[in-house]
There are 2 protein chains.
Amino acid sequence: MRNAEFDREQVLRGAMAAFMHKGYTKTSMQDLTQATGLHPGSIYCAFTNKRGLLIAAIEQYQQDRNLQFNHLFASGNNVLANLKSYLDGIVVECLSCDSGQACLLTKALNEIAEQDDEIQGIINQNLQSWQRALSEQFEAAQQYKKFEGERNSEQRAHYLMMGIYGLRTFAHTHPQAETLQQLADQLFIEVCR
Amino acid sequence: MRNAEFDREQVLRGAMAAFMHKGYTKTSMQDLTQATGLHPGSIYCAFTNKRGLLIAAIEQYQQDRNLQFNHLFASGNNVLANLKSYLDGIVVECLSCDSGQACLLTKALNEIAEQDDEIQGIINQNLQSWQRALSEQFEAAQQYKKFEGERNSEQRAHYLMMGIYGLRTFAHTHPQAETLQQLADQLFIEVCR
DNA sequence: CTCATTCTTGAATGTACGTTCAAGATATTA
DNA sequence: TAATATCTTGAACGTACATTCAAGAATGAG
């Protein structure tokens, strides 16, 4: 008989930002009411829990990332150039560390790992789907370039993910454009070898 | 007129384990009294704070790691073989994830980053010294093998650190020996190219 | 043995947090 | 417009936490 007043996506992006900035545990409900513009009661009505809000935020994060990913790789050809752009984008993201622009998935993974099986499972699923998407790109890339190495697409995806995880952590201690860019370039060369 | 009864190193290793397992924020004082065998009052007397205990634990961690590192690389020759062993050791460590065997430095870095400047600084210093140690090994390695690539030792150290960070995170979602070992092998090949 | 000093103990304290809920506001239906 | 259903509000609640402190125990000096 009456619709919710708030914009769910906007609320979730606010929560996302808060969780990414402070981490799950250190983000208080007060932080979240401020970040989402919702009062405690509304949050509990809509998401059950602080934990439920995190889960919903992760879902939204994944959806946003998927859209962005698909958009970037939409152009049928030039797969490797797209991959390079993708990596460069991550470097830029690491540098714009105004408010701890980490990946929500890995941030939550590092914090919750081995504590909350359900969330762990959700994150794993999302990272798996990311891995699959990367694998597909490497598969497609083979039509444009014959790789020297004898690794399959999944192994390349694994290596790239490892590199991106590492790049993000490394950026915390070395937030310099040239250093990060050089690492990303090297990573790109290596993963396409 | 009276000496402390507890063994400082033993206490700090207990605290280390607790912090690595649950993360700083989620480790309660109760956890810490259990992990260290000390009562709250003693902890506050000896380390001022929960935060002070973390700082002391990080210091101890670094000292332990340094010892281990120096021991492994003590043999004057065979630098590259040592490096390989070092990486293999990390893989093993990632797999023995009984109780979240992460690196305390990166764990704290991911959790505290941009929140506590002093701790951030301490971690940065420790990671810098690790980087220097790795650089030195690559420098020494040049006497045994001429690298193809035109990267300097510092750049190789950077890349290796990125890889190790990434490997540790990757292990959370793929705790399988062959997958991790393959990534470590690939990383070793790449960093020595 | 006695005293002085230091360390240990763990219950008590204040605070900050996640969560609840009943009253109020608003929109839709008839 | 009246009735009803739903959403919003934010103060109040219980709990769990980091921290304190005063009393007790142990050590070394004289």
Original post:
Just checking, is any N or O donor in the side chain of B:Q60 or B:D64 under 3.5 Å from an acceptor N or O on the other one?
Top reply: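 Checked: B:Q60/B:D64 side chains pair up, N/O donor to acceptor below 3.5 Å.
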
Original post:
Under 3.5 Å, is there a donor-acceptor pair between the A:H174 and B:Q131 side chains?
Top reply: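 There is such a pair between these side chains.
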
Can you tell me the distance, in whole Å, between the [atom1] atom of [X] and the [atom2] atom of [N]?
X	N	atom1	atom2	answer
B:F6	C:dT9	CZ	P	11 Å
A:Q34	C:dG18	CD	P	14 Å
B:I43	D:dC21	CD1	P	17 Å
B:L32	C:dG10	CG	P	17 Å
B:L38	C:dC7	CG	P	13 Å

Original post:
Near DNA chain D, which residues from residues 54-61 of chain A have a heavy atom under 4.0 Å away?
Top reply: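 When residues 54-61 of chain A is checked for heavy atoms under 4.0 Å from DNA chain D, there are no hits whatsoever.
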
Original post:
With a cut-off of under 6.0 Å to the ring centre and 45° to the axis, is B:R193 in cation-pi contact with B:F147?
Top reply: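 Relative to the ring axis of B:F147, which defines the angle, B:R193 lies outside at least one limit.
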
Original post:
Would B:K50 count as a cation-pi partner of B:F19, with NZ or CZ less than 6.0 Å from the six-membered ring centre and within 45° of the ring normal?
Top reply: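 That pair does not qualify as a cation-pi contact.
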
Subject >> Qualifying salt bridge (charged side-chain N to carboxylate O under 4.0 Å, His left out) pairs, either residue in residues 117-138 of chain B, two or more places apart >> reply: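 Those involving residues 117-138 of chain B are B:R51-B:E118.
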
Original post:
Are B:E93 and B:R168 ion-paired here, with the side-chain N under 4.0 Å from a carboxylate O?
Top reply: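 Salt bridge present between B:E93 and B:R168.
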
Original post:
Is it true that B:K107 and B:E111 have a side-chain N and a carboxylate O under 4.0 angstrom from each other?
Top reply: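 So B:K107 does not pair with B:E111 through a salt bridge.
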
Original post:
Would you say A:H39 reaches D:dG10's phosphate, i.e. side-chain N/O to OP1/OP2 under 4.0 Å?
Top reply: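 So the side-chain polar atoms of A:H39 do come within 4.0 Å of the phosphate oxygens OP1 or OP2 of D:dG10, strictly under.
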
**OP:** Using a 4.0 Å cut-off on protein heavy atoms (strictly under), produce a 5'-to-3' string for nucleotides 14-19 of chain D with B for base contact, S for backbone-only sugar-phosphate contact, and - for none.
**Re:** ---SSB

Original post:
For the residue pair B:I119 and B:D116, what are the closest heavy atoms and their distance?
Top reply: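 For B:I119 and B:D116, the tightest heavy-atom pair comes out as N-OD1, 3.2 Å.
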
